[in-house]
Structure formats: structure tokens, C-alpha cells
Amino acid sequence: MKRIIVCVKPVPDPKHWGRVSMDPDTMTLRREVIPSIVNPLDKHAIEAGLSVRDSFGGEVVLLSMAPPSAQPLLREGLAMGADRAVLLSDPVFAGSDTLATSLILAAGCRYIGDFDLIFLGNMSIDGSTAQVCSQLAELLGLPNVMHVTGLSWTNEGKVIITRKIENGFSKLVGIPPLVLSVRKELNKPRYVPFTGILAAESKEIRVLSNNDLKIDPSQIGLAGSPTKMAGLEIRRFERKRERLEGSPEEIVRKLMDKIYQIGVI
Amino acid sequence: MEKGGQMEIWVFAEQRGGELHKVSLELLGKAKELASKGGRVTAVLPGHDVKAISRSLINHGADRVLLADDPRLGIYRIIPYSLLLGGMIQDHRPDIFLMGATAMGVELAPRVAAKVKTGLSAHCIDLSLDSQGRLLQVVPGWGGGVVATVSCPEHRPQMATVMPGAMKALPPKEREGEIFEVAVELPDENLGPEVIEITQEKPQGLPLEKAEVVVAGGWGIGSRENWQLIQELASLLGGAVGATRPPVDEGWALEGQMIGQSGKTIRPRLYIGIGISGVMHHVVGMEGSDHIIAINSDPNAEIFETADVIVVEDFKKIIPPLIREIKNRLKKQGSSD
Ligand SMILES: Cc1cc2nc3c(=O)[nH]c(=O)nc-3n(C[C@H](O)[C@H](O)[C@H](O)COP(=O)(O)OP(=O)(O)OC[C@H]3O[C@@H](n4cnc5c(N)ncnc54)[C@H](O)[C@@H]3O)c2cc1C
Ligand SMILES: Nc1ncnc2c1ncn2[C@@H]1O[C@H](COP(=O)(O)O)[C@@H](O)[C@H]1O
């Protein structure tokens, strides 16, 4: 194995999602107030990369497109054991949809070069699009497999991939280079030892801008994104919210009446 | 110019082993509605020996079927499927292309969108047309706590994946429709990973999406023994059992029973949620239900925000007597017939 790239996305910490608010003028979410974490599935992607490296050698490179403030999150991945990180950061990247994001990540992968595998999380918890894996692979001209729950290797260097489908699994055999996005069943992200945290301090995080990647600016950011935000709302539900009071016996009687009125018995 | 100013709406007909995924029929229902102001609905059906499915597609609303029959399309693989669909889009230039947000659709749609360089919105829960005939795509984000409306003003086709269960299929009836066989041109090599095995577990009981009544249990149910109460209540009401993630992780329920962002979207007549906190991840999958009853011992449980009928009580004090009451009522109904 020469090199394994793992795509890592900073996402707003779900513990604080209740605090999300909206800027009505720009129709964007005020994300600043919410701390970021590494997208949970991306830790499984990092673990996948590390375990392949531990068996077959090579290096694990983390790749992220994010503001410079994402560096501490990349350090977490380095503390797990990744060898180095590349952070793609440029104001012209802001507002990218999944296609533009994938174009930028593809440029990052080419910049890093010479890789056998790219691992991603199957989906991110904020946008939850689950689109980047297939789009990145298409733009790199490589095959991809999503929903990966198992990996094993043959003696000839082929990889047997198990993936989740509706009500079951399918198994595929592939030859690197491949782009794979993983589900949490694949593995258990390793415990970070204190020595790992210390070692991470001296590992390299290279920050690249579009001066390095030289992507046509009309293809990225808000301008290069085919999808546009036409509306945004923070959900509020309108329901009757009628509380049934009384002793359990009374509640059961009232519940029976409700169910009867709805007409299902 | 095969569309003559009419809107051309495509629906991906997803089949595995000759079995059509029902989300495709739901999408045809929606496509028919979108086409009601002037448009044509086309079902795109790749596979091998699947021509028989065409009839069902037409009866559910397709004006025509584009059938791509080839042995190399017999088992879904992303490279041949995406090459085929990309090529068909370039040849026919549809305005809208809809796919199910299934394991297959979620993987395939983004690859096709990147190939033809257009926009794609993921896991849509609603679709409509604006006054200029552009597709408005409603997508949940942040676990469903935020709902965005996305459009794709300048690129075609406008693509979306749609949650299974979010749209309603039309009742099938004999309809007129044409079937065209398209020529399949694929390279002989470099078709990507090969499928060597498919294992399917049998789904149990009434499928969630078809049930009029869904009784869903959460972590608060506490044990496999208690879970039987959920199953009993559901079967007495002629309904299906749903679950949040923890019961699935515990093995009380099957993966296919999970409701929510990473599970199913349901819209039954009646949803009863028991021992469920009501995190957005779950709520997005059930909020379309006609009636929602929530039972939770915590008066501040979030699920009460989304409920029509609220019961603040330990379910163990409510469900067993409720089951007895329903049995009594059913017995009376039975004897009066
Ligand atoms: C990316 C992502 C996707 C996810 N997708 C989904 C999804 O699709 N579907 C899904 O469901 N989850 C999903 N989850 C998980 C989700 O965030 C929650 O963890 C889950 O929905 C919580 O399930 P719960 O309400 O059963 O459990 P809990 O949150 O633990 O709630 C249990 C509830 O039971 C109540 N309770 C306890 N004892 C009793 C009693 N005796 N009587 C009555 N009430 C009682 C408690 O008050 C509590 O409110 C997802 C998470 C992530 C990160
Ligand atoms: N900005 C980004 N930087 C690095 N990786 C990303 C980025 N966006 C998405 N990814 C990767 O793509 C996966 C799926 O994300 P998404 O398609 O946004 O749901 C994530 O788990 C990451 O591995």
C-alpha cells in the first residue's frame, strides 16, 4: 500500500443543535455559535484507513475542506494515528454544494497523489447528503462503493467489500484504487492514547488554498454550485398536544375513545 | 426535440432481481402530479429480462418506459448503471430526474449528477413546482431540525433522491403507455467491483410503509420481554411495529423497522410512540402521520411537541390495561356481528 486518504468533515456538534438560529437576510444558519466535532462516521473512516495501513504499510493522509479553525479537529485524527493532514481552506470555497465540494476534494486528492484507497464517512450528520463519496469518485474517474460494513483482502491484493443493502448485504470484489464510504458497523474507532496526543503535536497539517489547487473559480463556491438555497426554515411542529389526565385507568379509557374516534378499531 | 415544449419528467425504476422497489411507484405518483400542468412521465428501467415490470410502471402513471435490457445490467453495479443513465440523459435531456433514496439510489444518483454536471438534492421529503415550473426540493438537514428548500435554476436535469414512503403511489389501473428499448453501449472492461454474493433476510410481518397503524417503541421499553407488549398492541390494532435506533441496536427490532432519518419515512393513519424521546432523527420519519399519540414518563419529552395526544405516564401502567380493553372491545364487536 502506498497511501490511503481519509476525508474528514467538521460538523456542528449535535448536542448544541437546539441553539441553531437563522440569519433571515442571507438565509444561512448561524453556525458560529455551535462548536464543531469530527463527523462521527469519519472516525470510522479513519479507523478503516489505519487498520489497512497497520496490515499493509503505507501512510494515512487526512483530507478536509474547511476553514482554518478545523485544525484542532484534524489533530484528533492525527492523535488516532494518521500520519499527516491536508486542509483545503480558501474563502472562494465557501458556499460549495456537494458537487463543488467534491471537485475541491478531488483536486486535493490529486495534489496528494499516488493513493490506493480513499475512505469517507457514508454520510455527514449536518447536511446528511451522503453524496460526496460517489461524486468524488466520479470526478476522479474511480469506482466507488458506499454503505461498507466489512473489508477483507485476498492474497492477490484484491479487496472483498461487504455492504449493507435493504434487508441484507451484498459482497463485491474490487481492485484498488477505490473510493469507499463506511457505515459504523465496519469497525470501532480506536482509543486515543495520551502518547498519540503528544505525537500528533509534531505531525504536519498542510494548509492549501486555491493558489495551490488552481481550480477554475467559476466551478466552486456559491457560484459553482448548481443547487441554490430557495428557502430555509427551522422546524416548528403544529400538533394538537392534548394531554390526557387522570389515573392510569382513566387515561386508558380516554385513549380507547381516541383510538376509536380515529377509526382504526 | 422529443418533448415539444412539454416538461419531461424521469423516474428511475429501481429493481433488484426483477423485483421493483415500491419507492419507484411512489415517485411515479408524484411525477404524474408534477406533470399535470403539461408534461410527460418517463420511467427509466435498466436491468436484464425485466420487461414484464414495464406494465406495472405504466399502470402506476408512466406515460412511457425506456427499457435498457442487457446482461451487464442484470445485477446493479455503479459503473455500468451510471454510464448508462449519464448517456441517456445526454441523449434525451429530461428536465427532472427522480430516484429513491435507497441504498442503490443514494449511491447512484450523485454519480450520475456529477457525470452530467448538474445539481442533486438528497433525501427529499417533498417536491413541488414554482410559478416558473422549476422544481422545489424540500430536504431535511441537521437531523430534521432544519428544513431547506433547494432549487437548481440553471442546470438540467433537476435531480433529487426521495425518501421511500414520503410520496404516495397512485392506485394502479389499466393505462396507456409506450415501451421503448434503448440501445445499451458499455465498455467491455473497467466496470468496477463485481458483485459476488447477495444475502437477503426476509422482512417480518406487515411492512411498515403499508401499515395504517404503526406502534413504535424506543429505548424506554427497556427489555426484549417488554418489547412483546409493543408487538401485541400493534397486532391487535392490525398494525406494524416500528422502532427508534436503540431497539434496533439491541436486537429487539429489525433494521427494516427503524423509523427516521436513517430508517423509513411513514405516514400512517395512526402512529403511537411509546418510550421514545422524540429526537429529530426519529421525528422526521413519522411527523407526516395523520394522528400521533405519544406515551412517555418524562413530562418534558421532546416527542410531545409533535403529538396530538399526550400521555405522561409509565407505559407499563398503560399498555397492559389498554391491550385488555382493546381485546374486550374486539370481542364485543365480534359477537355483535
Ligand atoms: C446520523 C444519525 C442518524 C440517526 N437516525 C436515526 C433514525 O433514523 N431513527 C431513529 O430513531 N434514530 C436515529 N438516530 C438516533 C437518534 O439520535 C436517537 O438516539 C434515537 O432516536 C433515540 O431513541 P429513543 O427515543 O428510543 O431513546 P432515548 O432518547 O433514550 O429515549 C427514551 C425515552 O423513553 C422514555 N422512557 C423511559 N422509560 C419509560 C417508561 N417506563 N415509560 C414511558 N417512557 C419511558 C424516556 O423518558 C425517554 O424519553 C440517528 C442518530 C444519528 C447520529
Ligand atoms: N468538506 C469536506 N471535507 C472533507 N470531507 C468531506 C467534506 N464534506 C464531506 N466529506 C466526506 O464525505 C462524507 C459524506 O458527507 P456528505 O456527502 O456531506 O454527507 C463525510 O463523512 C466525509 O468523509
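Letters A, B, ... are given to chains in the order of the sequence lines, protein chains preceding strands, and every chain is numbered from 1. Just the heavy atoms: all of them, side chains too, but no hydrogens, waters or symmetry mates, feed the values below.
- Of the listed residues A/V145, A/L136, A/D97, A/I161, the one with more heavy-atom pairs under 4.5 angstrom with chain B than any other is A/V145.
- Both the backbone and the side chain of A/K164 come within less than 4.5 Å of a heavy atom of chain B.
- Heavy-atom distances place both the backbone and the side chain of A/I262 under 4.5 Å from chain B.
- For B/R16, the part lying under 4.5 angstrom from a heavy atom of chain A is the side chain only.
- If you measure heavy-atom distances from B/T118 to chain A, the contacts under 4.5 Å come from the backbone alone.
- Among B/I196, B/L237, B/I326, B/L108, the residue with the largest count of heavy-atom pairs under 4.5 Å with chain A is B/I196.
- The closest side-chain donor-acceptor pair between B/S297 and B/D314, if any, does not fall under 3.5 angstrom.
- Looking at A/L103, there are no atoms closer than 4.5 Å to chain B (heavy atoms on both sides), in backbone or side chain.
- Remark: side-chain polar atoms of B/K264 are not paired, donor with acceptor, to backbone N or O of B/P164 under 3.5 angstrom.
- Of the atoms belonging to B/N328, not a single heavy atom falls under 4.5 Å from chain A.
- Remark: the backbone N or O of B/E302 is not paired with any side-chain donor or acceptor of B/E305 at under 3.5 angstrom.
- For a residue to count as touching a neighbouring chain, one of its non-hydrogen atoms must lie under 4.5 Å from one of that chain's; by this rule B/D290 touches chain A with the backbone only.
- Proximity to chain B involves both the backbone and the side chain of A/N144, based on heavy atoms less than 4.5 angstrom apart.
- Once rounded to the nearest 0.5 Å, the distance linking CG of A/L186 with NE2 of A/H147 reads 14.0 Å.
- Using a 4.5 Å cut-off between heavy atoms, B/T199 contacts chain A through both its backbone and its side chain.
- Among the candidates A/L139, A/L142, A/N122, the residue making the largest number of heavy-atom pairs closer than 4.5 Å to chain B is A/L142.
- Options B/R77, B/H123, B/E313 differ in how many heavy-atom pairs under 4.5 Å they form with chain A, and the most are formed by B/H123.
- Neither the backbone nor the side chain of B/I75 has a heavy atom closer than 4.5 Å to any heavy atom of chain A.
- Taken to the nearest 0.5 Å, the CG atom of A/L73 stands 6.0 Å off from the OG atom of A/S36.
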Determine, stepwise, if the pair A/E138 / B/S82 fulfils side chain to side chain donor-acceptor pair (under 3.5 Å). CA-CA 9 Å; A/E138 170 66 23; B/S82 59; 4.8 Å; no
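- Residue contact with chain A, scored on non-hydrogen atoms closer than 4.5 Å, involves the side chain of B/E255 exclusively.
- Among the candidates B/I293, B/V213, B/I79, B/V312, the residue making the largest number of heavy-atom pairs closer than 4.5 Å to chain A is B/V312.
- In terms of heavy-atom pairs under 4.5 Å with chain A, the best-connected choice from B/S262, B/A122, B/S151 is B/S151.
- For a residue to count as touching a neighbouring chain, one of its non-hydrogen atoms must lie under 4.5 Å from one of that chain's; by this rule A/K258 touches chain B with the side chain only.
- Using a cutoff of 4.0 Å between basic side-chain nitrogens and carboxylate oxygens, A/E242 and A/K240 are not scored as salt-bridged.
- Heavy atoms closer than 4.5 Å to chain B are found in the side chain of A/L99, but not in its backbone.
- No side-chain heavy atom of B/M286 sits less than 4.5 Å from a side-chain heavy atom of B/V214.
- Of the possible donor and acceptor atoms, one in the side chain of B/Q200 sits under 3.5 Å from a partner among the backbone N and O of A/E166.
- Among B/I272, B/V311, B/V112, B/L236, the residue with the largest count of heavy-atom pairs under 4.5 Å with chain A is B/V311.
- Contact of A/I175 with chain B is not made at all, since no heavy-atom distance falls under 4.5 Å.
- By number of non-hydrogen pairs under 4.5 angstrom with chain A, the leading residue of B/K117, B/K115, B/E325 is B/K115.
- For the pair A/V179 and A/C109, the minimum side-chain heavy-atom distance is 4.5 Å or more.
- Residue contact with chain B, scored on non-hydrogen atoms closer than 4.5 Å, involves the backbone and the side chain of A/I265 alike.
- Within a 6.0 Å sphere centred on CD of B/E189, other residues, nucleotides and ligands contribute 12 heavy atoms or fewer.
- Of the listed residues (A/P143, A/G231, A/G168), the one with the most heavy-atom contacts under 4.5 Å to chain B is A/G231.
- In this structure, chain A has no heavy atom under 4.5 Å from any part of B/E154.
- Considering OG1 of B/T306 and CE of B/M280, their distance stands at 6.5 Å, rounded to 0.5 Å.
- Evaluated for a side-chain contact (heavy atoms from CB on, under 4.5 Å) with B/S121, the options B/M159, B/Q137, B/Q158 yield exactly one hit, B/Q137.
- The distance from atom OG1 of A/T227 to atom NE2 of B/H155, rounded to the nearest 0.5 Å, is 9.5 Å.
- The choice from A/S124, A/S170, A/S225 that makes the most heavy-atom pairs within less than 4.5 Å of chain B is A/S170.
- Interface residue B/I295: only side-chain heavy atoms are found under 4.5 Å from chain A.
- Contacts between A/R253 and chain B at a heavy-atom distance below 4.5 Å are absent for every atom of the residue.
- Residue B/I318 touches chain A through both its backbone and its side chain, counting heavy-atom pairs closer than 4.5 Å.
- B/T149 places no side-chain N or O within donor-acceptor distance of the main-chain N or O of A/A230, the cut-off being under 3.5 Å.
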